[in-house]
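Remarks on the structure that follows.
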Amino acid sequence: MDRDLKRSIILDNYQNANKKYISNGDEFTKINTRNVSCIDNLDIYIDMDNNIIKDISFEGEACVISISSTNILINLLIGKSKEEALYIIDNYLKMINEEEYDKEVLKELLVFDDTGKQPSRIKCATLTANGIKKFLENN
Amino acid sequence: MNREDFEILRKTIVYFDNGATTLKPNVVRDSILKYYDEYTANAHRGDYKTSAIVDNLYEEAREKVAKFINAKEKSEIVFTSGTTNSMNMIIFGYFKDNLKEGDEVLITLSEHASNIVPWFILEKEIGIKVKYIDLDNKHEVSIDNVKKAITDKTKVISIAMTTNVVGDTRPIKEISKIAHDNNILMVVDAAQGIAHSKIDVQNMDIDFMAFSGHKMYGPTGIGVLYGKFDLLDKVTPFNYGGGMNAMFTKDGYVELREIPTRLEGGTPNIEGVLGLGAAISYIEDIGIDKINKYEKELRRYLISELDKLDFIDVYNREVDTNIVAFNIKGVFAQDTAVYLDKYNICVRAGNHCAKILDNEINISNTVRISLSFYNNKEEIDLLINVLKNSENIWKEIL
């Protein structure tokens with residue numbers, strides 16, 4: 001993907017993040033995913049209906065990579081089953097960690113395919129993915 | 001000034017993160033290398049020549065520390081692994097035994113984690129109450145607010161000399177006077193202040209004080225606990241074992257050594273102590289007052305240049321130390337730090353371990369510049385130029 005296109009997708013999901021709001025309904029479970037670097041701090045609201053992710057939103061303060069990757073990931077996961085979601089997340093984490101991964105399922109998340117080359121950004125890019133993964137595995 | 005004393009400054013690096021750790025001058029590195037190359041030995045142990053050299057250097061370093069902070073005697077200086085270790089030693093080794101349920105400890109919202117978390121744990125363990133001295137509208141501690149916070153249950157005031165986000169330096173001598181007039185002990189976290197202004201523990205009448213070597217041009221893993229002799233003498237050791245016992249017998253009788261040795265059980269961080277000694281000599285050769293004056297001037301220059309940029313918010317314009325906290329309007333602090341790193345400018349982004357300060361200033365993350373004497377106006381000019389071009393930030397970091 002062209003550098004300029006990647007940048008504009010990342011920026012659009014940062015500046016106009018459509019899923020960045022608090023979801024207060026009883027159907028939502030709130031998880032806080034705090035980056036160990038002690039700076040990014042996002043709350044994620046997940047509505048699981050049986051085995052399907054019905055909705056997710058998020059709120060909080062974080063860097064461009066954190067916010068943007070969270071927004072793109074969330075949009076991709078809504079409507080997916082737990083197993084499909086875990087498959088996407090696992091392949092996303094493989095991509096960030098520069099391992100072999102299934103490109104087909106990642107869609108717009110591919111804009112982060114070279115983020116793994118910036119060690120200081122890996123935690124930012126995986127913050128929400130790890131948080132949601134942990135939630136899905138425990139539920 | 002004195003940039004030539006630092007091998008690392010021969011590289012094109014602009015190091016503005018001195019609040020996290022300072023760079024180490026060549027004399028500190030050399031003192032450690034010398035220990036390894038010329039006289040490796042344990043301290044306080046052998047009867048051979050190299051061991052005697054190490055013994056002397058180790059105790060000389062203690063004397064240097066004592067003189068540097070004007071302690072009454074060198075036995076009031078305990079070597080620890082750093083400020084956190086020093087704070088834990090007194091909170092759990094002294095205050096746990098000498099405070100009781102309902103006693104109050106005063107801290108502030110702008111303290112570093114090492115002067116908050118151990119108190120919270122002690123609160124849970126023995127039922128003391130941790131309370132806050134209100135900060136004024138500049139986020140600083142005023143004498144009036146100290147007086148207001150004191151009750152008849154207050155037993156300890158534990159605050160930083162200089163805070164690590166706002167960067168304000170507290171009027172320790174005045175606060176200490178109020179504390180002692182009310183039978184309150186004065187604990188000072190001097191981690192941020194020690195390398196930047198003169199501290200006189202007798203003049204300021206400080207009861208316990210903690211600081212780290214690595215924030216004063218020394219090695220990591222070495223720090224100091226200062227305590228007035230009679231108080232330090234009542235600190236219960238953390239580490240029992242070698243070096244700190246005077247004798248023990250097979251039926252379980254144990255006699256401990258005097259302070260400070262009693263509180264330094266186990267083989268100490270010898271190269272750390274020697275490196276700290278070298279760092280203190282280095283600071284004294286330049287002169288702490290000269291350092292203080294230079295850093296304040298440099299900070300004023302930085303502030304005057306930042307003031308010219310209307311897209312920058314500075315959060316602590318008024319303070320008179322080495323720390324500046326700011327953000328580019330609309331840009332998350334970490335993104336600014338990553339952008340500056342593209343130009344080899346090292347700054348800290350985050351909440352700087354002061355995680356409860358955002359309750360106070362409503363800004364949880366800032367970019368922090370903490371200056372040192374080896375920084376100069378050319379570096380600030382470079383920073384300002386890079387900031388001026390920050391409209392390209394996304395192009396640069398994405």
Side-chain angles (χ1 to χ4, degrees), chain A residues 1-17 20 22 32-43 58-73 95-96 108-128, chain B residues 13 17 19-21 84 110-114 116-117 164-165 313 315 325-368 390-398:
Chain A
M1 204 186 298
D2 165 71
R3 186 85 245 148
D4 286 339
L5 180 60
K6 275 188 191 172
R7 188 182 299 125
S8 72
I9 293 172
I10 293 172
L11 265 185
D12 189 43
N13 278 278
Y14 173 61
Q15 290 165 337
N16 311 303
K20 189 166 181 287
I22 295 171
N32 181 274
T33 152
R34 200 172 267 251
N35 191 331
V36 286
S37 73
C38 95
I39 180 160
D40 296 320
N41 185 14
L42 297 178
D43 288 326
F58 73 104
E59 190 51 278
E61 256 199 299
C63 72
V64 62
I65 300 288
S66 266
I67 300 262
S68 177
S69 62
T70 299
N71 200 60
I72 296 175
L73 178 68
M95 177 182 80
I96 299 292
E108 271 195 340
L109 282 173
L110 290 171
V111 296
F112 300 105
D113 65 355
D114 54 3
T115 302
K117 292 184 172 54
Q118 295 171 273
S120 64
R121 292 300 219 185
I122 291 176
K123 287 203 177 81
C124 314
T126 54
L127 181 71
T128 296
Chain B
I13 180 181
D17 197 14
T21 195
T84 301
S110 53
E111 300 308 309
H112 184 277
S114 60
I116 300 173
V117 180
N164 69 329
V165 181
D313 286 323
Y315 301 105
F326 73 96
N327 273 322
I328 299 177
K329 284 191 171 92
V331 179
F332 191 62
Q334 192 186 3
D335 293 322
T336 304
V338 170
Y339 169 65
L340 295 177
D341 181 50
K342 294 263 165 195
Y343 296 87
N344 296 321
I345 300 171
C346 312
V347 297
R348 176 86 186 267
N351 53 29
H352 320 297
C353 299
K355 294 192 182 196
I356 53 178
L357 184 63
D358 58 350
N359 302 32
E360 178 77 16
I361 61 175
N362 296 321
I363 303 285
S364 45
N365 291 294
T366 61
V367 179
R368 182 185 70 183
S390 62
E391 64 212 37
N392 298 323
I393 186 166
W394 305 123
K395 208 163 186 174
E396 299 254 356
I397 69 169
L398 291 176

Is B/K329 atom NZ crowded by more than 12 heavy atoms from other residues, nucleotides or ligands, each under 6.0 Å away? yes

Tell me which of these, A/R3, A/Q15, A/R7, has more heavy-atom pairs under 4.5 Å with chain B than the rest. A/R7

Is it true that the side chains of B/Y315 and B/N327 contain a donor and an acceptor less than 3.5 Å apart? yes

State the CG-CG distance between A/N13 and A/N71, to the nearest 0.5 angstrom. 4.5 Å

Between A/V64, A/I65, A/D4, A/I10, which residue shows the highest count of heavy-atom pairs closer than 4.5 Å to chain B? A/V64

Only heavy atoms, only distances under 4.5 angstrom. Which residues in residues 108-121 of chain A are near chain B? A/Q118, A/S120, A/R121

Heavy atoms only: give me the nearest A/K20-A/E59 pair and the separation to one decimal. NZ-OE1, 3.0 Å

What are the two closest heavy atoms between A/A17 and A/F58, and how far apart are they? CB-CZ, 4.2 Å

Note: A/C63 and B/Q334 closest approach over all heavy atoms is CB-OE1, 3.4 Å

Specify which of B/D335, B/D341, B/I397, B/T336 makes the most heavy-atom pairs with chain A at under 4.5 Å. B/D335

Side-chain heavy-atom pair A/L42, A/I67 within 4.5 angstrom cut-off: yes

